[in-house]
Amino acid sequence: MLEMYKKVVLQNYANFKGRARRKEYWMFFLVNIIIASILGFVTGLISENLKIIGNIYSLAVLVPGIAVAVRRVQDVGKEWWNILIPFYNIYLLCQDGTVGPNQYGADPKNRLEDIREIGKDLN
């Protein structure tokens with residue numbers, strides 16, 4: 001779970017190209033909610049003045065959050081602006097990605113690429 005979060009935040013910080021699996025998006029979403037909740041709870045207990053820490057965290061993960069959402073809808077075969085449509089974006093984020101490569105890149109699950117590689121080592 002944390003590996004997916006690190007992958008989105010550190011390796012693909014502002015990567016809007018390519019595709020992201022459902023698991024990558026939803027693990028990032030879950031860890032992000034957990035961290036934000038813990039930060040909000042702890043800073044609320046300590047002092048009202050520390051709530052800026054939560055705001056800084058939210059700003060720090062804003063770009064990776066948008067980037068992973070864009071890559072997620074591209075995995076379904078839709079354009080980035082579909083994340084702006086209420087309720088439809090949730091539907092797209094929950095859909096399985098298109099099988100095989102699409103106009104946004106190779107299938108992140110490698111379903112067909114693994115089959116095509118069978119027997120290539122024999123030559």
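For Phe16, the side chain to side chain contact (heavy atoms under 4.5 Å, CB included) partners two or more places apart in sequence, or in a different chain, are Ala14, Val63, Ile66, Ala67, Val70. Evaluation of the ring pair (Phe, Tyr, Trp, His ring centres under 6.0 Å) rule for Trp26 yields Phe29 as partners, not counting sequence neighbours. Under the side chain to side chain contact (heavy atoms under 4.5 Å, CB included) criterion, Tyr91 pairs with Tyr88, Gln95, not counting sequence neighbours. With sequence neighbours excluded, the residues forming a side chain to side chain contact (heavy atoms under 4.5 Å, CB included) with Ile53 are Leu39, Thr43, Leu50, listed by chain and number. For Arg22, the salt bridge (Lys or Arg N to Asp or Glu O under 4.0 Å) partners are Asp96, not counting sequence neighbours. Every residue was checked against the ring pair (Phe, Tyr, Trp, His ring centres under 6.0 Å) condition with Tyr104, not counting sequence neighbours, and none meets it. The salt bridge (Lys or Arg N to Asp or Glu O under 4.0 Å) test applied to Lys23 returns no partner, not counting sequence neighbours. The side chain to side chain contact (heavy atoms under 4.5 Å, CB included) search around Leu2 returns Val31, not counting sequence neighbours. Partners of Asn12 by side chain to side chain donor-acceptor pair (under 3.5 Å), not counting sequence neighbours, listed by chain and number: Asn15.
The stretch residues 54-64 participates, sequence neighbours left out, in these side-chain hydrogen bond (donor to acceptor under 3.5 Å, both in side chains) pairs: Tyr5-Tyr57, Asn32-Tyr57. Listed by first and then second residue, the salt bridge (Lys or Arg N to Asp or Glu O under 4.0 Å) pairs that reach into residues 52-71 are Glu24-Arg71, sequence neighbours excluded.
With Asn82 contributing its side chain and Glu79 its backbone, the two residues share a donor-acceptor pair below 3.5 Å.
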Next item on the list: Walk me through it: do Thr98 and Arg19 pass the test side-chain contact (heavy atoms from CB on, under 4.5 Å)?
Entry: CA-CA 10 Å; Thr98 55; Arg19 297 166 62 175; 3.1 Å; yes
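With hydrophobic clusters built from ILVMFWY side chains whose heavy atoms lie under 4.5 angstrom apart, Val99 does not share a cluster with Val73. Cluster annotation: Met27 and Leu10 are assigned to the same hydrophobic cluster (Ile/Leu/Val/Met/Phe/Trp/Tyr, side-chain heavy-atom contacts under 4.5 Å, transitive). Linking Ile, Leu, Val, Met, Phe, Trp and Tyr whenever their side-chain heavy atoms come within less than 4.5 Å puts Ile33 and Ile83 in one cluster.
Of all non-hydrogen atoms in Val61 and Phe28, the two that sit nearest each other are O-CZ, 4.2 Å. Looking at every heavy atom in both residues, Pro108 comes nearest to Ala20 through CG-C, 4.4 Å.
For the pair Lys6 and Gln11, the minimum side-chain heavy-atom distance is 4.5 Å or more.
Within a 6.0 Å sphere centred on CZ of Phe41, heavy atoms belonging to other residues, nucleotides or ligands number 12 at most. Residue-environment remark: CD1 (Ile52) stays at or below the threshold of 12 foreign heavy atoms within 6.0 Å.
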